[in-house]
Structures are given as structure tokens and as C-alpha cells.
Amino acid sequence: MRILRAGDYRVMPWKNGGGETTEIAAFPEGAGLETFDWRVSMARVASDGPFSVFPGIDRTLSLLDGPALTLAFDGRGEVVIDAATPPCAFPADVAVTGRLAGAPITDLNVMTRRGRWRHHVQRVAVESPRALPRLGDLLLVIATREAVTLRTDDGTAALNPADTVVIDEEAVSLAADGPATVYTVDLWRL
């Protein structure tokens, strides 16, 4: 188990230069935007515009904060992402434009290189202690606005808002002082 604190995340420009992304974790460690096998990040989107294109990458986008974001896919229609919708998976090599619903948003972005890794993202409500099975080779748990407590075979650890834990061996259970939400990212090596 490895805890990643929000204050230690790397901030860098978007690939298309339209804003900044906060990198939570990437593999291999230190990989750039052209060389990662998987990457988990957050971004504040303050204006409408095109998303960066990543050839050979599968992507899942989730809304962490803000009213809504409409994704307009080139020749493939539109999808609205808000606090009630599940994470939206799509190929990152398709042209897509984002339109805000009147206010900025913060998104969670998970990307994997096709043929090397695959991923699955879920939003999980933590209303009472609950087990989270590790389905893939790695499990990332990202706290949102509330702190949560992790319990593993190795002990207990606290995640503050926006902190992440990377779990590669043991199963984990979560608890919170009140209702809380986390995102889980299961990653499989192909």
C-alpha cells in the first residue's frame, strides 16, 4: 500500500496547452504524456474547448466538482457528465470538445495505453464500513471531498480529501465519519 498525498501531486500543462492537469500517478513513474502506460489525473476546466488527443489511449472521465460537462464527440454524438452519471469511458484518440454548463468543473481522468493496460473506474459511496476488492493488478482509491479511513492487512491509514492510495497486494476496507465518496480505479496489465 502506498499513500499519495494531494500536496505532492505534479502540476503540468495540458497536452494541447489549454490548461493545467494535476497528475496523481503515472506508470512508469516519471513518464511523460507521450510515454505513459497508465495515468490518473485531475483537471480544472474553466472554459469550453477541445480535449487533448492521445493516440492509442483509452480514457475514462468523471466529474469531481461542478455542475456538468457535455462531451461532443466528432461524428459520435454527445454525452453529459454530472454528479449523478457514471464515469464516461471513450477512446482518447477521437476528437472531443467539452462544453461547460455555466460554471467550471474539476474532472478525474484515467487513461491506459491500449494493448498494455486496461482500467475500470467507479464512484463508490461510503456510508458505513465496506470492503473494496482489488479486481485488477492495482487498485487506486481516490478520496473526494471527505476524509476516509483505510484498513488493510498491514494496518490503518487516513486519506484526506484528494489523497490517493495505491494497493497492489491486499484487499482494503473503507470507513468514514459520515457519508463520503471515493473513486476506485482498477488497473490490469495485459
Side-chain angles (χ1 to χ4, degrees), residues 1-12 14 20-33 35-44 54 57-65 81 83 85-92 105-127 129-176 179-190:
M1 173 173 68
R2 183 170 55 120
I3 296 177
L4 309 173
R5 299 294 179 194
D8 296 331
Y9 297 159
R10 181 170 77 153
V11 177
M12 56 199 292
W14 287 351
E20 287 185 333
T21 181
T22 301
E23 185 176 87
I24 296 171
F27 179 83
E29 195 169 327
L33 294 177
T35 59
F36 66 82
D37 282 347
W38 60 261
R39 183 173 188 270
V40 179
S41 62
M42 296 181 292
R44 180 91 170 143
F54 289 89
I57 299 294
D58 291 318
R59 179 181 216 163
T60 299
L61 205 68
S62 306
L63 190 75
L64 293 173
D65 189 42
I81 301 172
T85 58
C88 178
F90 58 96
I105 61 101
T106 301
D107 65 33
L108 174 66
N109 184 50
V110 178
M111 296 189 285
T112 49
R113 189 160 309 279
R114 238 174 262 133
R116 293 189 193 169
W117 288 81
R118 70 181 176 97
H119 68 272
H120 179 71
V121 181
Q122 294 184 87
R123 182 176 46 241
V124 177
V126 182
E127 296 173 0
R130 67 177 294 163
L132 287 180
R134 184 175 55 87
L135 304 174
D137 296 308
L138 291 174
L139 171 65
L140 279 71
V141 179
I142 302 142
T144 59
R145 295 180 187 157
E146 306 86 15
V148 294
T149 302
L150 295 156
R151 289 183 181 84
T152 69
D153 294 339
D154 291 338
T156 301
L159 285 186
N160 296 316
D163 287 349
T164 300
V165 64
V166 180
I167 301 163
D168 60 1
E169 292 179 10
E170 63 272 359
V172 65
S173 64
L174 293 175
T181 301
V182 299
Y183 279 86
T184 62
V185 178
D186 281 289
L187 292 157
W188 290 266
R189 186 187 301 269
L190 300 178

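Quick caveat, the model's predicted, so the values are computed rather than measured. Values below: every heavy atom of this structure, side chains too, minus hydrogens, waters and symmetry copies.
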**Test item: Arg116 side-chain N/O and Phe36 main-chain N/O as donor-acceptor pair under 3.5 Å** = no
**Asked** So do the side chains of Val126 and Val182 get within less than 4.5 Å of each other, counting heavy atoms only?
**Response** yes
**Prompt:** Within the distance-only criterion (no hydrogens, no angle test), does the side chain of Arg114 pair as donor or acceptor with the backbone N or O of Ile57 below 3.5 angstrom?
**Reply:** yes
**Asked** If we only count heavy atoms from C-beta on, is the Val40 to Ile142 side-chain gap below 4.5 Å?
**Response** yes
**Message:** So Thr112 and Asp37, do their side chains get closer than 4.5 Å, heavy atoms only?
**Reply:** no
**Asked** How many angstroms lie between CZ in Arg5 and CG in Asp163, if you round to the nearest 0.5 Å?
**Response** 4.5 Å
**Under 3.5 Å: donor-acceptor pair, side chain of Asn109, backbone of Met42** = no
**Request:** Would you kindly say whether Tyr9 and Ser41 are connected by a side-chain donor-acceptor distance under 3.5 Å?
**Result:** no
**Complete:** Note: Pro86 and Arg123 closest approach over all heavy atoms is N-NH2, 4.0 Å
**Asked** side-chain contact (heavy atoms from CB on, under 4.5 Å) between Leu108 and Ile24: does it pass, once the steps are laid out?
**Response** CA-CA 10 Å; Leu108 174 66; Ile24 296 171; 4.1 Å; yes
**side-chain contact (heavy atoms from CB on, under 4.5 Å) evaluation trace for Val121 with Thr184** = CA-CA 6 Å; Val121 181; Thr184 62; over 6 Å; no
**Item:** Nearest-0.5 Å distance, CD of residue Glu23 to CG of residue Asp8
**Value:** 13.0 Å
**Prompt:** Less than 4.5 Å apart, any side-chain heavy atom of His119 and any of Trp188?
**Reply:** no
**Message:** Between Trp117 (side chain only) and Met111 (backbone N and O only), is there a donor and an acceptor less than 3.5 Å apart?
**Reply:** no
**Prompt:** Within the distance-only criterion (no hydrogens, no angle test), does the side chain of Asp137 pair as donor or acceptor with the backbone N or O of Arg189 below 3.5 angstrom?
**Reply:** yes
**Asked** Counting distance only, does the side-chain N/O of Arg39 pair as donor-acceptor with the main-chain N or O of Val110 below 3.5 Å?
**Response** no
**Prompt:** Val185 versus Thr60: any side-chain heavy-atom pair under 4.5 Å?
**Reply:** no
**Item:** Sidechain N-carboxylate O distance under 4.0 Å for Arg145, Asp65
**Value:** yes
**Prompt:** Judged by atom type as modelled, is there a donor-acceptor pair below 3.5 Å linking the side chain of Thr144 to the main-chain atoms of Thr181?
**Reply:** yes
**Message:** Taking the side chain as everything from C-beta on, heavy atoms only, tell me whether Ile3 gets closer than 4.5 Å to Thr164.
**Reply:** no
**Asked** Does Pro161 offer a backbone N or O that forms a donor-acceptor pair with the side chain of Glu146 under 3.5 Å?
**Response** no
**Message:** Would you call the rings of Phe27 and Trp38 parallel, tilted or perpendicular, taking 30° and 60° as the class edges?
**Reply:** parallel
**Request:** Would you give the length of the straight line joining atom CG of Leu159 to atom CG of Leu174, rounded to the nearest 0.5 angstrom?
**Result:** 7.5 Å
**Prompt:** Which distance, rounded to the nearest 0.5 Å, do you find between the CG of Leu135 and the CG of Asp186?
**Reply:** 4.0 Å
**Request:** Would you name the heavy atoms of Ala25 and Leu4 that are closest together and state the gap between them?
**Result:** CB-CD1, 3.9 Å
**Item:** Heavy-atom check, side chain of Arg44 versus side chain of Asp107, under 4.5 Å
**Value:** no
**Request:** Check whether any side-chain heavy atom of Leu140 lies under 4.5 Å from a side-chain heavy atom of Tyr183, and answer yes or no.
**Result:** no
**Message:** So which atom in Thr85 and which in Ile81 form the shortest heavy-atom distance, rounded to 0.1 Å?
**Reply:** OG1-CA, 3.4 Å
**Asked** What are the two closest non-hydrogen atoms of Pro133 and Ala131, and how far apart are they?
**Response** CD-O, 3.9 Å
**Message:** Just verifying a value: how many Å separate Met12 CE and Thr21 OG1, rounded to the nearest 0.5 Å?
**Reply:** 7.0 Å
**Message:** Nearest 0.5 Å, please: how far is CG in Asp58 from CZ in Phe90?
**Reply:** 10.0 Å
**Prompt:** For the residue pair Arg130 and Ala125, what are the closest heavy atoms and their distance?
**Reply:** NH1-O, 3.0 Å
**Request:** For Val165 and Met1, work out which heavy atoms get closest and say how close.
**Result:** CG2-CG, 3.3 Å
